[in-house]
Amino acid sequence: MAEIGLRTRMLVKDVMSSPAVTVPENTSVDKTAQLMSDGRLGCIIVTSKDGKALGIITESDLVKRVLAKNIRPSKLAAKEVMSTPLITVDPDEVLTETARRMSKLDIRRMGVIYKGNLVGIISSKDILAITPDLLENMQEKARIEREPDGDEDSSESN
């Protein structure tokens, strides 16, 4: 299929969101939630003082660890609410393997790490967004493989 320009494998780097939005570990939860709201983000990555990814705060984390316990968000730091450790993936990992791993681990988001640095984030929503294209590519590949070679037909008619 490569000779006609159809890639048979999509990689994490093809669909990830980059750069990932981050907050330092001591950022208050109310400021973190405001940043998520302003950016229409479902999650935010929490980083250490040296910029390394420590964990992730999702909407679910805010509900379970703050709202359900009736704790004032301004009284908590991001590091107290985050899910840790951050589950990560390499940007060159095959997308289908990443999707399987996300399903197995029952997570919707993964940090994308390249050479020890956070370069993006991939979510189940990112994968779902490209699924129609993948299905069309599979259908096109099947159609091409079913078609008889045009050169053989022309040589038989001579």
Side-chain angles (χ1 to χ4, degrees), residues 1-2 5-142:
M1 294 309 304
L6 290 178
R7 268 195 27 207
T8 55
R9 293 179 169 202
M10 289 199 74
L11 306 176
V12 167
K13 65 184 174 186
D14 296 326
V15 299
M16 71 181 197
S17 299
S18 182
V21 179
T22 64
V23 294
E25 62 186 319
N26 290 321
T27 303
S28 67
V29 171
D30 62 326
K31 288 183 178 151
T32 302
Q34 188 62 53
L35 184 58
M36 289 172 66
S37 177
D38 291 347
R40 300 181 61 200
L41 304 170
C43 70
I44 201 159
I45 304 293
V46 180
T47 58
S48 64
K49 292 177 182 95
D50 61 356
K52 295 295 180 192
L54 296 175
I56 187 170
I57 295 179
T58 66
E59 295 160 323
S60 177
D61 293 327
L62 293 174
V63 170
K64 292 176 187 173
R65 297 183 183 137
V66 182
L67 296 174
K69 294 181 178 179
N70 199 25
I71 301 172
R72 287 188 63 177
S74 60
K75 302 290 184 195
L76 293 172
K79 66 183 174 186
E80 297 173 273
V81 176
M82 69 182 181
S83 293
T84 188
L86 176 65
I87 307 297
T88 63
V89 63
D90 187 273
D92 291 317
E93 184 170 310
V94 177
L95 198 58
T96 53
E97 291 305 313
T98 301
R100 281 187 189 104
R101 192 155 57 117
M102 289 171 80
S103 178
K104 182 180 176 184
L105 295 172
D106 194 27
I107 58 173
R108 293 185 289 173
R109 299 166 183 95
M110 296 175 84
V112 182
I113 303 287
Y114 180 70
K115 293 185 178 179
N117 296 311
L118 180 71
V119 294
I121 191 162
I122 186 158
S123 70
S124 54
K125 187 175 177 181
D126 296 328
I127 296 169
L128 190 58
I130 56 99
T131 299
D133 293 336
L134 292 176
L135 292 173
E136 285 177 12
N137 285 348
M138 289 171 43
Q139 290 170 337
E140 182 67 9
K141 177 182 177 187

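Excluded from the calculations below are hydrogen atoms, water molecules and symmetry mates; all remaining heavy atoms, backbone and side chain alike, are included.
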Peer 1: Is the shortest heavy-atom distance from the side chain of Thr27 to the side chain of Leu35 under 4.5 Å?
Peer 2: no
Peer 1: Is a side-chain N or O of Thr22 found less than 3.5 angstrom from the main chain of Ile45, in a donor-acceptor match?
Peer 2: no
Peer 1: Applying side-chain contact (heavy atoms from CB on, under 4.5 Å), run through Ile71 and Val29 and close with a yes or a no.
Peer 2: CA-CA 10 Å; Ile71 301 172; Val29 171; over 6 Å; no
Peer 1: Show me the side-chain donor-acceptor pairs of residues 77-88 shorter than 3.5 Å, one per line, residues at least two apart or across chains.
Peer 2:
residue: Lys79; atom: NZ; partner: Asn26; partner atom: OD1; Å: 3.1
residue: Glu80; atom: OE1; partner: Ala77; partner atom: N; Å: 2.7
residue: Ser83; atom: OG; partner: Asp61; partner atom: OD1; Å: 2.8
residue: Ser83; atom: OG; partner: Asp61; partner atom: OD2; Å: 3.1
residue: Ser83; atom: OG; partner: Arg65; partner atom: NH1; Å: 3.2
residue: Thr84; atom: OG1; partner: Leu54; partner atom: O; Å: 2.9

Peer 1: Rounded to the nearest 0.5 Å, how far does CD1 of Ile44 lie from OG1 of Thr32?
Peer 2: 6.0 Å
Peer 1: First locate atom CD1 of Ile122, then atom OG of Ser18, and finally report the distance between them rounded to the nearest 0.5 Å.
Peer 2: 11.5 Å
Peer 1: Would Val63 and Glu59 count as a side-chain contact (heavy atoms from CB on, under 4.5 Å) if you check the C-alpha gap in whole Å, the side-chain angles of each, and the deciding distance to 0.1 Å?
Peer 2: CA-CA 6 Å; Val63 170; Glu59 295 160 323; 5.7 Å; no
Peer 1: When you measure from the side chain of Lys49 to the backbone of Glu25, do you find a donor-acceptor pair of N or O atoms at a distance under 3.5 Å?
Peer 2: no
Peer 1: Assess whether side-chain contact (heavy atoms from CB on, under 4.5 Å) is satisfied between Leu95 and Asp14, documenting all intermediate values.
Peer 2: CA-CA 9 Å; Leu95 198 58; Asp14 296 326; over 6 Å; no
Peer 1: I'd like to check Met10 versus Val15 (side-chain heavy atoms, cut-off strictly below 4.5 Å). Are they in contact?
Peer 2: yes
Peer 1: Counting heavy atoms not belonging to Asp50, are there more than 12 under 6.0 Å from its CG?
Peer 2: yes
Peer 1: Write down the atom of Asp126, the atom of Met16, and the distance for their closest heavy-atom approach.
Peer 2: OD2-CA, 4.4 Å
Peer 1: For residues 104-115, tabulate all N or O donor-acceptor pairs below 3.5 Å that involve a side-chain atom, not counting sequence neighbours.
Peer 2:
none

Peer 1: Would you sort out whether Lys31 and Val23 count as a side-chain contact (heavy atoms from CB on, under 4.5 Å), showing the intermediate values?
Peer 2: CA-CA 9 Å; Lys31 288 183 178 151; Val23 294; over 6 Å; no
Peer 1: Run the side chain to side chain contact (heavy atoms under 4.5 Å, CB included) test against Asp30 and tell me which residues pass, sequence neighbours left out.
Peer 2: Ser28, Pro73, Ser74
Peer 1: Give the minimum heavy-atom separation between Asp90 and Asp92, together with the two atoms involved.
Peer 2: OD1-N, 2.8 Å
